[in-house]
Amino acid sequence: YYEGSLQEWINLFYHEDGGVGVYGNPVYYGKNLYINNQPIREITIPDGQEYVPSNLIQGWSNLEIINLPDSIKRIDNNTFAGCYYLKEIQLSDQITHIGNSAFEGCSGITTLNLSDAITYIGKAAFKNCYNLKELTIPSTITEIYPETFYECHSLLNLVLPETVTKIGEDAFYNCYNLLELVIPKNVGNVEPMSLVGCNNLSKLTLPYLGVTNEDCFKSLFNYQVPSTLIEVTITGGNRIYFSSFNGLNHLRTINLPETI
């Protein structure tokens with residue numbers, strides 16, 4: 001039994017053995033709480049709170065609205081994972097960190113506004129956000145970690161900033177409604193399998209041919225891109241090797257730089 005403000009609850013961690021951890025926090029068990037025979041569908045994090053601990057609201061499957069104060073600066077790992085029906089959440093301009101799997105499985109979210117204050121977006125941050133349709137990555141981000149947009153089936157528009165230098169494995173796996181993607185010119189490494197399952201991708205812009213600029217002899221087919229590509233634009237590099245566009249049976253337009 002515990003009495004206190006919600007802010008005090010959020011910061012409360014205990015175990016029977018005297019240790020600390022989220023599973024001793026009463027807020028964690030709010031997902032099983034009913035008021036007047038109705039599940040909780042909205043929660044407001046009190047002003048003054050600077051972060052929401054990892055796993056704290058994980059699995060609140062009935063939650064539809066989360067109200068975050070402007071004081072929030074950090075969203076930790078798995079914070080909202082499994083909030084399947086979450087539809088509305090406003091991220092403040094003060095947030096700098098979005099942890100691993102922070103929104104994994106939030107299939108009710110259709111759009112998110114990410115401010116330029118964000119400097120880190122973790123692995124699988126938006127994994128299985130099936131209804132996420134559009135997202136602009138802020139220019140403060142330098143790496144797209146593995147599985148960041150894994151199984152984002154509804155993603156139509158994704159803007160990557162020029163500051164991105166690396167794209168991890170399975171980053172866009174099975175984003176099968178993504179129509180166009182521009183890989184920024186400063187990307188020095190695109191992991192294999194990044195575009196597997198993007199079966200409606202028709203336009204792709206790459207900084208070079210291959211997995212890395214030094215490895216540009218690799219064919220474009222090694223990206224495991226779908227054969228539905230109609231237009232490919234290469235913005236850098238100095239050569240094209242044999243079979244570079246092997247398997248792209250629907251390709252109509254190839255745009256090459258003057259350096260080739």
Side-chain angles (χ1 to χ4, degrees), residues 1-14 20-36 38-129 131-141 145 148-149 152 159 161:
Y1 180 79
Y2 178 78
E3 291 183 355
S5 68
L6 182 57
Q7 185 168 348
E8 290 174 320
W9 279 32
I10 289 174
N11 290 311
L12 177 68
F13 293 89
Y14 63 88
V20 294
V22 70
Y23 303 112
N25 191 309
V27 176
Y28 176 79
Y29 298 97
K31 59 186 175 184
N32 299 319
L33 183 61
Y34 281 68
I35 298 177
N36 295 325
Q38 295 295 323
I40 294 176
R41 301 193 185 279
E42 181 174 355
I43 186 172
T44 298
I45 304 299
D47 191 27
Q49 185 72 23
E50 294 190 355
Y51 75 102
V52 182
S54 298
N55 306 299
L56 186 60
I57 305 179
Q58 180 182 8
W60 281 40
S61 57
N62 292 306
L63 204 59
E64 297 179 0
I65 300 173
I66 298 174
N67 302 303
L68 296 178
D70 290 340
S71 57
I72 292 289
K73 297 180 180 179
R74 179 185 180 96
I75 297 176
D76 281 349
N77 299 343
N78 303 301
T79 295
F80 305 118
C83 294
Y84 307 121
Y85 294 106
L86 181 62
K87 298 177 181 178
E88 185 177 326
I89 182 170
Q90 295 294 326
L91 304 182
S92 80
D93 292 341
Q94 306 300 316
I95 293 175
T96 61
H97 178 103
I98 296 178
N100 300 339
S101 299
F103 292 95
E104 182 176 339
C106 293
S107 54
I109 292 178
T110 58
T111 185
L112 279 172
N113 296 317
L114 304 180
S115 79
D116 286 338
I118 297 173
T119 58
Y120 178 85
I121 298 175
K123 177 182 177 181
F126 307 109
K127 182 177 181 178
N128 295 339
C129 288
N131 290 301
L132 183 64
K133 294 181 179 179
E134 59 180 347
L135 196 68
T136 298
I137 303 297
S139 59
T140 44
I141 295 299
Y145 285 90
T148 298
F149 301 102
C152 288
V159 179

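We're numbering straight along the sequence, starting at 1.
Residue pairs meeting the side chain to side chain donor-acceptor pair (under 3.5 Å) criterion with at least one partner in residues 104-113, sequence neighbours excluded, are Ser101-Glu104. For residues 55-69, every residue pair satisfying the salt bridge (charged side-chain N to carboxylate O under 4.0 Å, His left out) rule, not counting sequence neighbours, is listed here: Arg41-Glu64.
Summarising the geometry of Gly122 relative to Tyr145, their closest heavy-atom pair is C-CB, 4.1 Å, with the distance given to 0.1 Å. Shortest non-hydrogen contact noted between Ala125 and Gly99 is CB-O, 4.0 Å. Residues Ser115 and Ser92 come closest through the heavy atom pair OG-O, 4.1 Å.
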Inset, instruction - Show your working on side chain to side chain contact (heavy atoms under 4.5 Å, CB included) between Thr96 and Tyr120 and close with a plain yes or no. - result: CA-CA 7 Å; Thr96 61; Tyr120 178 85; over 6 Å; no
Inset, instruction - Take Ile141 and Leu114, measure what side chain to side chain contact (heavy atoms under 4.5 Å, CB included) needs, and give me the verdict at the end. - result: CA-CA 11 Å; Ile141 295 299; Leu114 304 180; over 6 Å; no
Inset, instruction - Could you walk me through whether Ile57 and Ile45 pass side chain to side chain contact (heavy atoms under 4.5 Å, CB included), step by step? - result: CA-CA 11 Å; Ile57 305 179; Ile45 304 299; 4.2 Å; yes
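Taking the side chain as every heavy atom from C-beta outward, Ile66 and Trp60 never approach each other to under 4.5 Å.
Going from atom CZ of Phe149 over to atom CG of Leu132 covers 7.5 Å, rounded to the nearest 0.5 Å. For the atom pair Leu112 CG and Glu134 CD, the distance stands at 10.5 Å (nearest 0.5 Å). Taken to the nearest 0.5 Å, the SG atom of Cys152 stands 10.0 Å off from the CG atom of Asn131.
Residues that satisfy the ring-ring contact (aromatic ring centres under 6.0 Å, His included) test with Phe80, not counting sequence neighbours, are Phe103. For Asn67, the side-chain hydrogen bond (donor to acceptor under 3.5 Å, both in side chains) test picks out Glu42, Thr44, with sequence neighbours left out.
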Below 3.5 Å, can you tabulate the donor-acceptor pairs from side chains in residues 68-79 to any protein atom, sequence neighbours excluded?
unit_1: Ser71; atom_1: OG; unit_2: Gly48; atom_2: N; d: 2.9
unit_1: Ser71; atom_1: OG; unit_2: Gln49; atom_2: N; d: 3.3
unit_1: Ser71; atom_1: OG; unit_2: Gln49; atom_2: O; d: 2.8
unit_1: Arg74; atom_1: NE; unit_2: Asp76; atom_2: OD1; d: 2.4
unit_1: Asn77; atom_1: OD1; unit_2: Asn100; atom_2: N; d: 2.8
unit_1: Asn78; atom_1: ND2; unit_2: Asn55; atom_2: OD1; d: 3.4
unit_1: Thr79; atom_1: OG1; unit_2: Asp76; atom_2: N; d: 3.1
unit_1: Thr79; atom_1: OG1; unit_2: Asp76; atom_2: O; d: 2.6

For residues 82-89, which side-chain donor-acceptor pairs fall under 3.5 Å, sequence neighbours excluded?
none

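With Thr140 contributing its side chain and Asp116 its backbone, the two residues share a donor-acceptor pair below 3.5 Å.
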